[in-house]
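Here is the structure we will look at.
Order of appearance sets the numbers: ligands from 1, and atoms from 1 within every ligand.
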Amino acid sequence: MRIGVLALQGAFIEHVKMLRQLGATAVEVRLPHQLEGLDGLIIPGGESTTIGKLATEYGLMGPLRFFARAKPTWGTCAGMIFLAKDIGIEEQPILGAMDIAVDRNAFGRQIDSFETDLEIAGLSAPPFHAVFIRAPVVTAVADGVEALARLDDGRIVAARQGRLLATAFHPELTDDLRLHSFFCDIVKETLA
Ligand code: GLN
C-alpha cells in the first residue's frame with residue numbers, strides 16, 4: 001500500500017513516520033508526478049493559505065483535485081480546510097472535494113490551541129486524545145457525510161464521506177496510531 005503525504009508545508013514528517021510504523025509505504029508529495037501510483041493521500045495540518053499558494057505554484061491544484069475525486073484522501077486541520085467544498089468568505093485555493101462547510105480558526109485567538117479526549121465513531125475505546133492548534137470546525141455536512149466526532153458543545157471535528165476523511169485536530173502529534181490505521185483500512189477497502 002503506497003500512501004502519499006502532501007509535503008509542501010506543515011506537519012508532514014509526523015504523518016510519514018506513523019504510516020511507516022503501520023507498514024505502509026509513505027511517499028512525500030511535492031510535485032504532480034509524485035501522485036502517480038499512490039493508493040491514498042494525507043494532507044497535513046499547517047497553514048492552509050500557504051499550502052494552497054504552494055500547490056498553485058507547483059501545478060498541483062488540478063492533479064490534487066483529480067486525485068481526491070478518485071482515491072482515499074484525508075485532510076487534517078489545514079488539510080481539512082483544503083479538502084472542503086465551502087470555507088465561507090475566505091479567498092484561498094482549495095480542492096473543494098468534500099461536501100462539508102468549514103469555519104477556519106473557529107476557536108479564536110485566545111483559546112486557539114487546546115487538547116481534549118474525543119469519542120470517535122469507528123475507533124474502539126479509549127477516547128482519542130486530540131490536539132487542536134488554531135483549528136477549524138465543520139459547520140455543515142451534506143447528505144452522505146458522516147460526523148465521526150463532536151466536541152461537548154456538538155460541533156463536528158471529524159467526518160467521513162466515503163473515501164474522504166477530515167479531522168480538525170492533529171492525530172500525528174500524538175503516538176496514537178488508530179486514526180492512521182482507520183485511514184489505511186479505507187485505502188485497503190478500495191484496493192480489495
Ligand atoms: N489555522 C490554520 C489554517 O487556517 C490551520 C491550523 C493547523 O493546521 N493547525 O490553515
Side-chain angles (χ1 to χ4, degrees), residues 3-19 26 28-30 40-58 60-61 64-65 67-68 72-118 120 128-141 147-151 153 155-161 164-180 182-183:
I3 300 185
V5 181
L6 189 64
L8 299 175
Q9 188 263 344
F12 55 87
I13 285 290
E14 292 81 357
H15 282 291
V16 166
K17 286 184 186 153
M18 289 177 101
L19 288 170
E28 291 183 14
V29 175
R30 293 187 182 81
L41 179 72
I42 297 179
I43 303 168
E47 177 54 48
S48 58
T49 51
T50 307
I51 292 173
K53 192 166 170 257
L54 293 172
T56 304
E57 268 173 39
Y58 296 157
L60 270 164
M61 290 303 291
L64 285 172
R65 285 195 179 112
F67 189 94
T73 305
W74 174 18
T76 60
C77 205
M80 171 170 110
I81 298 165
F82 196 52
L83 200 57
K85 268 209 177 128
D86 180 355
I87 58 167
I89 55 163
E90 311 269 356
E91 291 271 343
Q92 63 186 76
I94 53 170
L95 298 183
M98 188 168 175
D99 278 322
I100 53 174
V102 166
D103 187 13
R104 281 184 69 199
N105 300 323
F107 299 95
R109 283 169 187 232
Q110 279 149 10
I111 46 160
D112 46 13
S113 301
F114 63 97
E115 300 182 16
T116 190
D117 289 331
L118 284 179
I120 302 181
F128 196 93
H129 190 71
V131 180
F132 290 81
I133 303 171
R134 291 187 304 109
V137 291
V138 178
T139 52
V141 295
L148 297 179
R150 292 176 187 268
L151 296 173
D153 62 13
R155 287 187 287 178
I156 301 168
V157 289
R160 176 179 179 179
Q161 181 178 22
L164 302 176
L165 186 63
T167 48
F169 47 93
H170 285 263
E172 78 290 1
L173 298 183
T174 63
D175 51 18
D176 193 331
L177 290 168
R178 285 179 294 164
L179 269 172
H180 287 77
F182 183 76
F183 182 64

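None of Thr49, Ile51, Thr56 except one satisfies the side-chain contact (heavy atoms from CB on, under 4.5 Å) rule with Pro93; the exception is Thr56.
Residues passing the salt bridge (Lys or Arg N to Asp or Glu O under 4.0 Å) test with Asp117, sequence neighbours excluded: none. Annotation: ring pair (Phe, Tyr, Trp, His ring centres under 6.0 Å) contacts of Phe67 (sequence neighbours excluded): none. In this structure, the salt bridge (Lys or Arg N to Asp or Glu O under 4.0 Å) partners of Lys85, at least two apart in sequence or on a different chain, are Asp99.
Remark: His180 NE2 to Glu14 CD distance equals 9.5 Å, nearest 0.5 Å.
Using a 4.0 Å heavy-atom criterion, the residues that approach ligand 1 are Gly45, Gly46, Glu47, Ser48, Cys77, Ala78, Ile81, Arg104, Asn105, Ile133, Arg134, His170.
Listed here is the closest heavy atom pair of Ala158 and Thr167: CB-CG2, 4.0 Å.
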